[in-house]
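Could you have a look at this structure, given as structure tokens, before my questions?
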Amino acid sequence: MDKNIPITELLYTKSKPIDQLNIMDGIALMVEEQGKASLEVQKSSDAIRLAIECISDHIKYNKEGRLIYVGAGTSGRIAVQDGVELFPTFNWPKERLDYIIAGGKQSLLNSIENAEDDINTADEMVKLKNLNSQDVVIGLAASGNTPFTCKVMEEAMKKKALTIAISNNPTGKILEFGDIKILL
């Protein structure tokens, strides 16, 4: 295994590819792997608790602060899924929720090639959204090294926003830009 390739970028080799399994074996594999994922979340429960407490305190004392989710590709789509549930679940004001997604809204339904590497657009989006110290910025990057997401997080940290970095890679650069780091 190449040590320079993040684990999130490697092919799954513990079984045949899922499309080569019979249906019941495919279902069993998904159930087994979801169980393992739950254990990883449990391992990170202290960091998740800390993030929740810090976010709660930050927004309590910054009445104009926004929750801003950042991501690219699948991580960006997951960020949007989480954010859209805030209003119906917690009555979180829609005007205090925002997103910075590589490739913009069109990337939610279509892959926008190379958007994840565009740090110039990341910089522009930070300025356009006027990130500031009242905001909470939650960045997701499975590899932990997505240039777009890392750049937004870096700029958010410079602006003294509360930053939450979520990565599946313990050596992910995004973790450098998180006041709170969640490794899954």
Original post:
Cluster question for you: counting only ILVMFWY and a side-chain heavy-atom cut-off of under 4.5 Å, with indirect links fine, are L175 and L50 together?
Top reply: no

**OP:** Return the set of residues passing side-chain contact (heavy atoms from CB on, under 4.5 Å) with A156 (not counting sequence neighbours), or none when no residue passes.
**Re:**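 For A156 the side-chain contact (heavy atoms from CB on, under 4.5 Å) partners, ignoring immediate neighbours, are L131, V137, A161, T163.
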
Original post:
Taking a hydrophobic cluster as the set of Ile, Leu, Val, Met, Phe, Trp and Tyr residues connected by side-chain heavy atoms closer than 4.5 Å, whether directly or through intermediates, do Y99 and I166 fall within one such cluster?
Top reply: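 As far as the 4.5 Å side-chain criterion goes, I166 and Y99 are connected within one cluster.
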
**OP:** Look at atom CD1 of I23 and say whether more than 12 heavy atoms of other residues, nucleotides or ligands are closer to it than 6.0 Å.
**Re:** no

Subject >> For D25, all residues meeting salt bridge (charged side-chain N to carboxylate O under 4.0 Å, His left out), sequence neighbours excluded >> reply: none

Original post:
To the nearest 0.5 Å, what is the distance between NZ (K151) and OG1 (T146)?
Top reply: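 Taking NZ in K151 and OG1 in T146, the distance rounds to 15.0 Å.
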
Original post:
Sub-3.5 Å donor-acceptor pair from the side chain of S38 to the main-chain atoms of Q34, do we have one?
Top reply: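 Yes; at least one donor-acceptor contact below 3.5 Å.
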
Original post:
Closest approach of S167 and A142, non-hydrogen atoms and distance?
Top reply: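 Nearest pair, atom of S167 first, then A142: OG-O, 3.9 Å.
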
Original post:
Do L140 and I52 belong to the same hydrophobic cluster, where Ile, Leu, Val, Met, Phe, Trp and Tyr are linked whenever their side-chain heavy atoms lie under 4.5 Å apart, directly or via other members?
Top reply: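 Shared cluster, yes.
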
Compile the donor-acceptor pairs under 3.5 Å between side chains in residues 100-115 and protein atoms, sequence neighbours left out, one pair per line.
| residue | atom | partner | partner atom | Å |
| --- | --- | --- | --- | --- |
| Q106 | NE2 | G103 | O | 3.2 |
| S107 | OG | A102 | O | 2.9 |
| S107 | OG | G104 | O | 2.6 |

**OP:** Compare all side-chain heavy atoms of I55 with those of I138 and state whether any distance is below 4.5 angstrom.
**Re:**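 In short, these two side chains touch, coming nearer than 4.5 Å.
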
Original post:
So with a 6.0 Å cut-off around CD of E95, is the heavy-atom count from everything else above 12?
Top reply: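 Check passes, neighbour count above 12.
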
**OP:** Go through the steps to decide whether C54 and L162 satisfy the test side-chain contact (heavy atoms from CB on, under 4.5 Å), and finish with yes or no.
**Re:** CA-CA 8 Å; C54 289; L162 173 63; 4.0 Å; yes

Between side-chain atoms of residues 81-92 and protein atoms elsewhere (two or more places apart, or another chain), which donor-acceptor pairs fall under 3.5 Å?
| residue | atom | partner | partner atom | Å |
| --- | --- | --- | --- | --- |
| D82 | OD2 | Y69 | OH | 2.4 |
| T89 | OG1 | E85 | O | 2.8 |
| W92 | NE1 | R96 | O | 3.0 |

**OP:** Please round to the nearest 0.5 Å and tell me the distance separating atom CD1 of I164 and atom CG of L67.
**Re:** 9.5 Å

Subject >> Transitive ILVMFWY side-chain link M153 to L183, under 4.5 Å >> reply: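 No, it is not one cluster - the side chains of M153 and L183 are not joined through contacts under 4.5 Å.
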
Original post:
Would you say the side-chain atoms of T171 and N169 include a donor-acceptor pair closer than 3.5 Å?
Top reply: yes

Original post:
If you measure from CD on E154 to CZ on F177, what distance do you get to the nearest 0.5 Å?
Top reply: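 So the CD of E154 and the CZ of F177 are separated by 4.0 Å.
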
Subject >> Residues which pass salt bridge (charged side-chain N to carboxylate O under 4.0 Å, His left out) with E176, listed by chain and number, not counting sequence neighbours >> reply: none

Subject >> Value rounded to 0.5 Å, distance of CD1 in I68 from NZ in K129 >> reply: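 Answer for the CD1-NZ pair, I68 versus K129, is 7.5 Å.
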
Subject >> Heavy-atom check, side chain of N132 versus side chain of E64, under 4.5 Å >> reply: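 N132 does not reach E64 side chain to side chain.
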
Subject >> For K181, all residues meeting salt bridge (charged side-chain N to carboxylate O under 4.0 Å, His left out), sequence neighbours excluded >> reply: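 Counting only residues at least two positions away or on another chain, K181 forms no salt bridge (charged side-chain N to carboxylate O under 4.0 Å, His left out).
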
Original post:
What pair of heavy atoms forms the shortest contact from T149 to G139, and how long is it?
Top reply: CG2-CA, 4.3 Å

Subject >> Path from M125 to V70 over hydrophobic side-chain contacts below 4.5 Å >> reply: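 Yes, same cluster.
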
**OP:** Identify the heavy atoms of V152 and A122 that sit nearest to each other, and give their distance.
**Re:**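 Closest pair (atom of V152, atom of A122, distance): CG2-CB, 3.7 Å.
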
Original post:
Does S143 offer a backbone N or O that forms a donor-acceptor pair with the side chain of N145 under 3.5 Å?
Top reply: yes

Original post:
Any donor-acceptor pair under 3.5 Å linking the side chain of S56 with the backbone of E53?
Top reply: no

Subject >> K63 (side chain) donor-acceptor with K60 (main chain) under 3.5 angstrom >> reply: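 At least one qualifying donor-acceptor pair exists.
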
Subject >> Within 6.0 Å of CD in Q20, more than 12 heavy atoms from elsewhere >> reply: yes

Original post:
Is I182 close to L184 at the side-chain level, that is, under 4.5 Å between some pair of heavy atoms?
Top reply: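 Touching, per the 4.5 Å side-chain cut-off.
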
**OP:** Let me see the working for I119 and D117 under side-chain contact (heavy atoms from CB on, under 4.5 Å), right down to the final yes or no.
**Re:** CA-CA 6 Å; I119 62 171; D117 297 323; over 6 Å; no

**OP:** Using a strict cut-off of less than 4.0 Å between a Lys/Arg side-chain nitrogen and an Asp/Glu carboxylate oxygen, indicate whether K159 and E155 qualify as a salt bridge.
**Re:**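 No, K159 and E155 are not salt-bridged.
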
Original post:
Below 4.0 angstrom, N of the basic side chain to O of the carboxylate: do E33 and K36 qualify?
Top reply: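 Yes, this pair counts.
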
Original post:
Between the side chain of D118 and the main-chain N/O of T121, is any donor-acceptor distance below 3.5 Å?
Top reply: yes

Original post:
What do the steps show when you test D123 against N120 for side-chain contact (heavy atoms from CB on, under 4.5 Å), and what is the final call?
Top reply: CA-CA 5 Å; D123 230 0; N120 292 327; 5.7 Å; no

**OP:** Ignoring hydrogens and angles, tell me if any N or O in the side chain of D135 forms a donor-acceptor pair with the backbone of R66 under 3.5 Å.
**Re:**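 A pair under 3.5 Å: yes.
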
